[in-house]
2 protein chains.
Amino acid sequence: MKKHTHSNGTTLLENHKLRITPIRQQVLGLFMGKPHALSHSDIEQTLVGDFDRVTIYRTLTSFVEKGLVHKIPAENGVVRYALCKDSCSEEQHHHSHVHFNCGTCGQTFCLENISVPTITLPQGYSFTDMNYLTTGTCKNCNKQ
Amino acid sequence: MKKHTHSNGTTLLENHKLRITPIRQQVLGLFMGKPHALSHSDIEQTLVGDFDRVTIYRTLTSFVEKGLVHKIPAENGVVRYALCKDSCSEEQHHHSHVHFNCGTCGQTFCLENISVPTITLPQGYSFTDMNYLTTGTCKNCNKQ
DNA sequence: GGTCTATTTGCAACAATGTTGCAAATAATT
DNA sequence: AATTATTTGCAACATTGTTGCAAATAGACC
């Protein structure tokens, strides 16, 4: 049994000062329905109905700008996006969490419960964000 | 006064079972002459003489395969490459070190002296590699 | 409901990045 | 110098991302 996420998504868009449009609702729905990060082409292939490639790019850009999702670059250069857990806004993103990229299924997950260990930067360096990307085999793929 | 790195580079190529060719010597020379990581387009713009784009891609791929350099994906999806410090080979890469991307000059550095803090993955996940990418302002840019 | 306006979308065109197949050139070996 | 496996250049193509502009539309106001 699947819960209707429509109203949640709409509220989420409103909270982040984004106009409610069909493509935004549908893209946000995809993110809410999947446990892993999505690439532009994932989204392009999954969307129902005819939406322009450019519009998908702009949708993702607006989501990032308003703090709804964050970008995750993979080892091979593929850029994926995942929902920000909470309390991200246009002003402040703080999604310094651990990402895990499975070499078998290729999917990327946010390990929300694991906090990123901090490091001490060398003298002179200042810090704004950090990204901890691990590669290996995920729970599901290890079962088989 | 600049030291000739030609012979060092040649030995390095030989050690990694790579044939000595003009483009490989020159690309390796670029890496040895710069403290920061280089992207494909950095290399394309800097190389002296006419080399094909495709050949540069293949040069970088062979360097990665043989453990001479490693890939570093930046936040925006740009892929850069940097020399492996030492003891990387075709069989084993272990360049789990910290990368720093400066938001001001845009350059990426390997912070060789800082070891990557380890984390405990959730039950069921197995681990092969990790990559710690920090963003901020580098030493040079902070001076100004 | 209808009108207005700023935002969003689709389209076209383009730029950048990365890949593949194949023939010619060349590095290393004999 | 001859041989052979590797590497290079070229052409063609695939994917990914960007920009400008006119048409469509979401939200606000009456």
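The basis for the numbers below is simple: all heavy atoms, side chains too, and nothing from hydrogens, waters or symmetry mates.
- Distance check: B:Lys71 NZ to B:Ser39 OG gives 12.5 Å after rounding to the nearest 0.5 Å.
- If you check residues 38-48 of chain A against DNA chain C, you find no residue with a heavy atom closer than 4.0 Å.
- Atom P of nucleotide D:dT16 and atom CG of B:Asn76 are separated by 16 Å, given to the nearest angstrom.
- Side-chain contact, B:Asn101 with B:Thr135: no donor N or O sits under 3.5 Å from an acceptor N or O.
- Residue order along DNA chain D, read from the 5' end via each residue's closest nucleotide, puts B:Ser62 first among B:Ser62 and A:Leu18.
- Here C:dA6 presents its P atom at 19 Å from NZ of A:Lys17, a figure rounded to the nearest Å.
- Counting heavy atoms of neighbouring residues, nucleotides and ligands inside a 6.0 Å radius, atom CG of B:Asn76 exceeds 12 of them.
- Centroid-to-centroid, the aromatic rings of B:Tyr125 and A:Phe100 come within less than 6.0 Å.
- Side-chain rings of A:Tyr57 and A:His40 approach one another, their centers coming within less than 6.0 Å.
- Atom-to-atom, CG of B:Asp52 to P of C:dG21 comes out at 17 Å; the value is rounded to the nearest Å.
- Distances were taken from every side-chain heavy atom of B:Phe51 (C-beta onward) to each of C:dG10, D:dA26, D:dG9; the shortest belongs to D:dG9.
- Minimum atom distance to the side chain of A:Arg19 is reached by C:dA6, of the listed C:dG18, D:dT8, C:dA6.
- Per the geometry, CD1 belonging to B:Ile20 stands 15 Å off C1' belonging to C:dT29, to the nearest Å.
- As rounded to whole Å, 18 Å separates atom P of D:dA24 from atom CD1 of A:Ile23.
- In this structure, A:Arg24 atom CZ and D:dT25 atom P are separated by 15 Å, rounded to whole Å.
- Between the CG atom of A:Asp50 and the P atom of C:dG10 there is a distance of 9 Å, rounded to whole Å.
- Checking B:Arg58 against B:Glu14, the closest nucleotide of DNA chain C that is more toward the 5' end is the one next to B:Arg58.
- Ranking C:dT8, C:dA27, C:dT17 by closeness to the B:Tyr57 side chain, first place goes to C:dT17.
- Proximity note for A:Thr55 (side chain, C-beta onward) versus C:dA28, C:dT9, C:dT17: the nearest is C:dT9.
- Of the listed residues (B:Arg80, B:His36, B:His99), just one forms a side-chain hydrogen bond (donor to acceptor under 3.5 Å, both in side chains) with B:Thr108, and that residue is B:Arg80.
- To the nearest angstrom, P of D:dT7 lies 18 Å from CD of B:Gln26.
- Nearest to the side chain of A:Thr59, among C:dT19, D:dT7, C:dT9, sits C:dT9.
- Put simply, the side chain of B:Phe31 reaches to within 4.5 Å of the side chain of B:Ile43, judged on heavy atoms.
- Here the side chain of A:Val54 is nearest to one of C:dC11, D:dC10, D:dT8, namely C:dC11.
- Base contact: A:Arg53 has a heavy atom under 4.0 Å from a base atom.
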